Novice: 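Below: one structure in structure tokens.
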Amino acid sequence: MIRFGIDLGGTKIEVVALDARGAEVLRRRVSTPWLDYRAIVEAVAGLVADAERELGATGTVGIGTPGSISRATGLLRGSNTVCLNGKPIKRDLETALAREVKISNDANCFALSEATDGSGAGAGVVFGAILGTGVGAGIVVRGYVLDGPNAIAGEWGHNPLPWPRDDERPGPACFCGRYGCIETLVSGPGLERDHLHETGDAIKSHTIVAGAELGDMACEVTFARYEDRLARSLAHVINLLDPDVIVLGGGMSNIGRLYQNVPVLWEPRVFSDRVDTRLVRHRHGDSSGVRGAAWLWGR
Ligand SMILES: [Zn+2]
């Protein structure tokens, strides 16, 4: 039994083949012909056909991609590979591959990968949050992606920052048209913009983190503010969902001190006398997208 997982991104299309135990038996990638919808469909179908020939076996196909498929129309929306928007990509891929395919967004695939055999393995409810250039999240309950009527479960990046102080209002402008979205504050660019705003120094997020580590007071103040904002954002999630585990992915998730400091900071905001939710780093990293896509067909 082979499960193919495909990460359909704006710059590359990657396929992984997992055997029944979740071991990776093949991985291939091609660049995305990002301007040409038909060429993208053919590239995905070609990757699967080549992999099946190489392995001498057929398998199920799951696809992770930014955006989501509207339940009402069956068309993809919200993808940063804009030629995919408004297209019946699920139907067209099913025709090209001559089988049913499952599609979910990349944040859901991340959460599913970590819940299946990653840092959230064995937990009943997993909230998987990607803190990178943008902020996205997915929810997995007992091994299944929570997928509601709007296909947006977990998407809290464009909620406003909870418990804002007066000097945090209205907050930075967001591409979505609102102000003070969680994404504008806990993404990598959000950290950099905040540091620039407070200090006048335009430096990269990893330089801010390194500066804080070396005792640079301005960097430390910025990063402590980042941790507090992340803690508030996640305290809201805990109050609403009460997950067993919150798994972090994306570039910001590699900062080790978050896992000590954020749970201390979320504690007073969670409506409970104690908080047993664990905050953990991803296990599969950049592979979570393809692995989670493969697991869309179940364990
Ligand atoms: Zn927003």
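Just so you know, residue 1 is the first one in the sequence shown, and it goes up from there. Computed from a predicted structure; not experimentally measured. All ligand and atom numbering here is 1-based and tracks the order in the structure.
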Novice: Identify, with sequence neighbours excluded, every residue that meets side chain to side chain donor-acceptor pair (under 3.5 Å) alongside S68.
Specialist: R77
Novice: Can you list, by chain and residue number, the hydrophobic cluster partners of V221 when the side-chain cut-off is 4.5 Å?
Specialist: M217
Novice: Would you call E54 and R28 a salt bridge, taking side-chain N to carboxylate O under 4.0 Å as the test?
Specialist: yes
Novice: Tally of protein N/O/S atoms under 2.8 Å from the Zn ion (ligand 1)?
Specialist: 4
Novice: Identify, with sequence neighbours excluded, every residue that meets side chain to side chain donor-acceptor pair (under 3.5 Å) alongside S70.
Specialist: T73
Novice: Salt-bridged, R225 to D228, with N to O below 4.0 Å?
Specialist: no
Novice: Using a strict cut-off of less than 4.0 Å between a Lys/Arg side-chain nitrogen and an Asp/Glu carboxylate oxygen, indicate whether R91 and E94 qualify as a salt bridge.
Specialist: no
